[in-house]
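Comments concern the structure below.
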Amino acid sequence: MAEARIIDGKQFALGLRARVAKKVWSLKRDFGVTPGLAVVLVGEDPASQVYVRSKGKATQEAGMASFDHRLPAEATEQQLLELIERLNADPAVNGILVQLPLPKHIDTARALAAIDPAKDVDGFHVVNAGKLAAGIPGATIPCTPLGCLMLVRDVMGRNLRGRRALVIGRSNIVGKPMAQLLLQADCTVTIAHSRTVDIAEECRRADILVAAVGRPELVRGDWIKPGAVVIDVGMNRVSTAEPGKTRLVGDVAFEEAMQVASAVTPVPGGVGPMTIACLMLNTLASACRAAGAPVPAEAAP
Ligand SMILES: NC(=O)C1=CN([C@@H]2O[C@H](COP(=O)(O)OP(=O)(O)OC[C@H]3O[C@@H](n4cnc5c(N)ncnc54)[C@H](OP(=O)(O)O)[C@@H]3O)[C@@H](O)[C@H]2O)C=CC1
Ligand SMILES: Nc1nc(=O)c2c([nH]1)NC[C@@H]1CN(c3ccc(C(=O)N[C@@H](CCC(=O)O)C(=O)O)cc3)C=[N+]21
Ligand SMILES: [Mg+2]
């Protein structure tokens, strides 16, 4: 069989960001509104600093206002909650993203609950998670699952009815909302996790396989159904033969998957860039709702 198609998430994300930038411009022209995204980083974790910088750059490239807020690693939970309250009250801020993970002395659930659900561009607030689960329109959809669904539809078409989907991972930020989206799209959805008995066998049934685990190359080629579409969310930094040098690998053994699947996302260049593009889309959508302007259809899949 021929090798699988490599799903170019980087290219798709560039296109999405260009569509967002156009709509930002018309929102300015027609409603006099410039969307604004505030990113809050607590502490100096180098990986988080890299993400936060690329989010700020993407925000400006989309013509939106970017607000950067840094708190020291020792900041108290109260200081973070006060900052979130100020951002909730600031009309120039349409989106608030509190970069995760937070230092251990801060209660993540409490911080996320403090964000105004209308400004929760991550879609992590229980109001948005609940709306997604209950099928209530107007929810903000978490960026990574939304981006994954866009890539699946780009390959398989919009109609996913009756497809068997397996999501590996059940976190609130990736696995669970991913499963909800696929269910809403009429797939037959299974969720696997660390207590799943025979994960390879579950994988072999799946037409759509989404791996969001955080285990380098866990998913092997012989776990994959021939012709399946494989979405690799994993971002694992592993050491190489060269001392001090690291590289990024996904949760899927990419070369093996390419021999069996019909399409596979690479790491990097797959899901990661889609997460950022969907964050831009969600920020635009929040600004549209605040201004009473039509919400882009792509934000409500
Ligand atoms: N590209 C992007 O934009 C993003 C990438 N990521 C990446 O995606 C991955 C997952 O992230 P996240 O959901 O936050 O991670 P979590 O650690 O919160 O969740 C991991 C999930 O995988 C399950 N799991 C762990 N080990 C196994 C195993 N051996 N077999 C089966 N299931 C297992 C866990 O099961 P249990 O619940 O039983 O513990 C858990 O449900 C990470 O690599 C992360 O870096 C995350 C966000 C965005
Ligand atoms: N509140 C919050 N929201 C998040 O959405 C959030 C978060 N916290 N904490 C961390 C994770 C991780 N995450 C990524 C975003 C972009 C890439 C990305 O752009 N990756 C590129 C480049 C990777 C590289 O080269 O380092 C790629 O995969 O091609 C990856 C991962 C968002 N997260
Ligand atoms: Mg996200």
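We use all heavy atoms of the structure for the numbers below, so side chains are in, but hydrogens, waters and symmetry mates are not. Atoms within each ligand, like the ligands themselves, are counted from 1 in listed order.
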Q. Heavy-atom contacts under 4.0 Å between Lys55 and ligand 2: side chain, backbone, both, or neither?
A. side chain

Q) Ser54: heavy atom below 4.0 Å from ligand 2, yes or no? A) no

Q | Sub-4.0 Å heavy-atom approach of Val98 to ligand 2 | A | yes

Q: Could you tell me whether some N/O pair between Ser171 and ligand 1 is separated by less than 3.5 angstrom?
A: yes

Q: Ignoring angles and geometry beyond distance, decide whether Val271 reaches within less than 3.5 Å of ligand 1 through its nitrogen or oxygen atoms.
A: no

Q) Does ligand 2 have any atom sitting under 4.0 Å from a heavy atom of Pro273? A) yes

Q | Arg237 heavy atom under 4.0 Å from ligand 2 | A | yes

Q) Just wondering, are more than 12 heavy atoms of other shown residues or ligands nearer than 6.0 Å to CZ in Arg204? A) yes

**Q.** Proximity winner for atom 1 (N) of ligand 2, if only heavy atoms of Val40, Asp122, Asp45, Leu102 are counted
**A.** Asp122

Q) Are the side chain of Ser262 and the backbone of Gly227 linked by a donor-acceptor contact shorter than 3.5 Å? A) yes

Q: State if Lys10 counts as touching ligand 2 under the rule of any non-hydrogen atom under 4.0 Å.
A: no

Q. With a 4.0 Å cut-off on heavy atoms, does Gly234 reach ligand 1?
A. yes

Q. Is it true that Asn236 lies under 4.0 Å from ligand 1, counting heavy atoms only?
A. yes

Q. Which part of Val213 is near ligand 1, with near meaning a heavy atom under 4.0 Å away: side chain, backbone, both or neither?
A. both

Q | Atoms of ligand 2 close to Leu97 [distance to a heavy atom under 4.0 angstrom, numbered from 1] | A | 1 (N), 3 (N)

(Q) I need the contact type for Val50 against ligand 2. Using non-hydrogen atoms and a strict under-4.0 Å cut-off, is it side chain, backbone, both or neither? (A) neither

**Q.** Ligand-side contact atoms (ligand 2) for residue partner Met235, heavy atom cut-off under 4.0 Å
**A.** 28 (O), 30 (C), 31 (C)

Q: Heavy-atom distances under 4.0 Å are what count here, so tell me which part of Leu100 touches ligand 2: side chain, backbone, both or neither.
A: both

Q.
I'd like to know whether ligand 1 has Ala192 as a neighbour, heavy-atom separation below 4.0 Å.
A. no

